[in-house]
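For reference, the structure discussed in these notes is given below.
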There are 2 protein chains.
Amino acid sequence: MSPSTVPDIIVGRLPLYLRELSKMAEEGKEITSSQELGKRLGISSAQIRKDLSQFGEFGKQGTGYNITFLVMQLRIILKVEDVWDVVLVGAGDLGHAVVNYGGFTDRGFRLGLVYDDDPSKIGQMIGSYIVQDVHSSVDDIRARNIRIAMLAVPTADAQTVTDRLVEAGIRAILCYAPTSISVPEGVKVEYIDPVLHLQHMTYYLP
Amino acid sequence: MSPSTVPDIIVGRLPLYLRELSKMAEEGKEITSSQELGKRLGISSAQIRKDLSQFGEFGKQGTGYNITFLVMQLRIILKVEDVWDVVLVGAGDLGHAVVNYGGFTDRGFRLGLVYDDDPSKIGQMIGSYIVQDVHSSVDDIRARNIRIAMLAVPTADAQTVTDRLVEAGIRAILCYAPTSISVPEGVKVEYIDPVLHLQHMTYYLP
DNA sequence: TAGATTGTTAATCGATTAACAATC
DNA sequence: TAGATTGTTAATCGATTAACAATC
């Protein structure tokens, strides 16, 4: 089935399935069922079976799913069976946290380049990376054919940097700035703003 | 209308509306319409009007919405008209980024306490905070009546720390660890895992 | 075989949109 | 008044769930 026909809300759950199944594999489990996976994720078993059925038949009646096999299939579906190079723009505190974040490894991503526009930061080391001048980013990114960027710059700079990234060939942006950014058709953007989550929860607090 | 009757998916959009309206206010705008706001957020005007109508009548036919007034109303609805104290557990790189994050101010939150379990970190300064021993957290949190926590600890520690926080009276947790945590009824949890966003986007990359 | 669980269908449930009377 | 936009209704659209035949 062609990707464009699968509802985006289903695609968005696959990474969650992949994460939990990888955890099960680490625990040494070999087989699971839609019921068990659903319980661990707080999702109905019917939904998990329905979601997976969009992409093929991965289980066995009476038995369930082979975890290693399903992990591999989900990696292929999500296109993370290989490793994507990712650039980071913004070498502030958040940028530091992203650089030192251990969670990318084995999940399909590798930090390739780190940029900032602050002359006092350019040339400095963060972890094993040298902070590059953002003004050279378009050429670098083009040359290395990188498609994914993480944006950890101040809100005021977010749109300008975005425009440059798109020009350089970036097609997916994870934006940590608490603002909406405009991109042309064909460029994906997702946002992380912790305050949105906090405000969502305070609604329910007494 | 009683809060529990409003669909959660609508509640989840209110912080987004609030963020964009605050930005408009900063730009000096006084009035907006559901159409204009929708355009800036990539949401239909009908949805915005329907969402807001769950909580009252905030606009004027023919005119639109007074931005300052609507911002105030949304703050009240989301219970962020006052400032919540928040505790942070985990003083690693991510913890540092959270402490130095400027985005909490004026959005309803203030960092109150920072914890870690690493003796080499306890007592050190991060920004203007002294890292506290997590073993004293239950008493501290109870004494100060804090309800909200951010969790920036390794995956392996997430559940243990969560149990302690719940015992201390925490009722809302923003979890940065890439794992699901179990909490009793009445405790809200939201998650931030950048890799889930990246994997969602790679699905659509050629 | 008996028990368990899948993949799928049909029914239910809920969310979004279109349209418009009300009215500023 | 004329034009614009709200709040709301009804229609549409889409997502979730329940149930079960197929089958391991």
Side-chain angles (χ1 to χ4, degrees), chain A residues 1-18 20-21 24 29-74 77 200 203, chain B residues 1-18 20-21 24 29-74 77 200 203:
Chain A
M1 182 167 284
S2 141
S4 61
T5 67
V6 177
D8 182 65
I9 195 161
I10 291 182
V11 177
R13 282 192 291 263
L14 300 185
L16 199 63
Y17 299 168
L18 175 54
E20 197 66 31
L21 289 161
M24 287 180 177
K29 290 181 69 75
E30 292 185 359
I31 299 285
T32 190
S33 63
S34 57
Q35 197 175 24
E36 184 183 39
L37 181 58
K39 202 166 185 178
R40 290 177 66 141
L41 293 172
I43 287 179
S44 80
S45 63
Q47 181 161 81
I48 289 171
R49 293 199 302 279
K50 190 103 202 288
D51 287 355
L52 294 177
S53 75
Q54 297 277 338
F55 304 95
E57 307 190 358
F58 305 118
K60 272 203 182 67
Q61 284 103 326
T63 310
Y65 301 91
N66 178 298
I67 293 172
T68 306
F69 175 74
L70 187 50
V71 162
M72 196 176 66
Q73 294 304 309
L74 286 171
I77 292 165
H200 188 169
Y203 175 81
Chain B
M1 184 168 283
S2 142
S4 62
T5 66
V6 177
D8 184 64
I9 195 161
I10 292 182
V11 177
R13 281 192 292 261
L14 300 185
L16 200 63
Y17 299 168
L18 175 55
E20 197 65 32
L21 288 162
M24 288 179 177
K29 290 181 68 74
E30 292 186 359
I31 298 286
T32 190
S33 65
S34 59
Q35 198 175 26
E36 184 184 42
L37 180 59
K39 202 165 185 179
R40 290 176 67 140
L41 293 172
I43 287 179
S44 78
S45 61
Q47 181 162 82
I48 289 171
R49 292 198 302 278
K50 190 101 203 291
D51 287 355
L52 294 177
S53 76
Q54 296 277 339
F55 303 94
E57 307 191 357
F58 305 119
K60 272 203 181 69
Q61 285 102 324
T63 309
Y65 301 90
N66 177 298
I67 293 171
T68 306
F69 175 73
L70 188 50
V71 162
M72 196 176 67
Q73 294 304 310
L74 286 171
I77 293 165
H200 188 169
Y203 175 82

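Chain naming here is simple, since letters A, B, ... match the order of the sequence lines and numbering starts at 1 in each.
Between B:Ile48 atom CD1 and D:dG7 atom P the separation is 12 Å, expressed in whole Å. Nucleotide D:dG7 holds its C1' atom 14 Å from the CG atom of B:Leu70, rounded to whole Å. Taking atom CZ of residue B:Phe58 and atom C1' of nucleotide D:dG7, one finds them 12 Å apart after rounding to whole Å. One can place CD of A:Gln54 at 17 Å from P of C:dT6, the figure rounded to the nearest angstrom. As rounded to whole Å, 15 Å separates atom P of D:dT5 from atom CG of B:Asn66. Rounded to an integer number of Å, the gap from B:Lys60 NZ to D:dG7 C1' is 14 Å.
Residue A:Gln35 qualifies as open at atom CD: its count of foreign heavy atoms under 6.0 Å is 12 or below. Enclosure of atom CD in A:Glu36 by more than 12 non-hydrogen atoms of other residues, nucleotides or ligands within 6.0 angstrom is indicated.
Checking C:dT8, D:dC24, D:dT6 against the side-chain heavy atoms of A:Ser53 singles out C:dT8 as nearest.
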In dot-bracket form, how is DNA chain C paired, counting a Watson-Crick or G-U wobble pair only if both its distances are under 3.5 Å and using | for bases paired to another strand?
..||||||||||||||||||||||

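Counting heavy atoms from C-beta outward, B:Asp8 and A:His200 have side chains that approach closer than 4.5 Å. Here the side chains of A:Leu16 and A:Glu20 are not in contact, with every heavy-atom distance at 4.5 Å or above. Residues B:Phe58 and B:Leu74 fail the side-chain proximity criterion, which asks for heavy atoms closer than 4.5 Å. With a 4.5 Å cut-off on side-chain heavy atoms, B:Leu52 and B:Gln73 do not count as touching.
Distances shorter than 4.0 Å separate none of the side-chain N or O atoms of B:Tyr65 from OP1 or OP2 on C:dC24. Distances shown here put every side-chain N or O of B:Ser34 at or beyond 4.0 Å from the OP1 or OP2 atom of D:dT5.
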Can you name the atoms? Protein N/O to nucleotides 14-18 of chain C N/O, anything below 3.5 Å, with the distance.
residue : atom : partner : partner atom : Å
C:dT16  : OP1  : B:Arg13 : NH1          : 3.0
C:dT16  : OP1  : B:Gln47 : NE2          : 3.4
C:dT16  : OP2  : B:Arg13 : NH2          : 3.0
C:dT16  : OP2  : B:Gln47 : NE2          : 3.2
C:dT16  : O5'  : B:Gln47 : NE2          : 3.0
C:dT17  : OP2  : B:Ser44 : OG           : 3.0

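When all heavy atoms of B:Tyr203 and A:Ile77 are compared, the closest pair comes out as CD1-O, 3.3 Å.
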Ignoring hydrogens and angles, write down the donor-acceptor pairs under 3.5 Å from the side chains of residues 60-71 of chain B, residues two or more places apart or on other chains.
residue : atom : partner : partner atom : Å
B:Asn66 : OD1  : B:Thr68 : N            : 3.1
B:Asn66 : OD1  : B:Phe69 : N            : 2.9

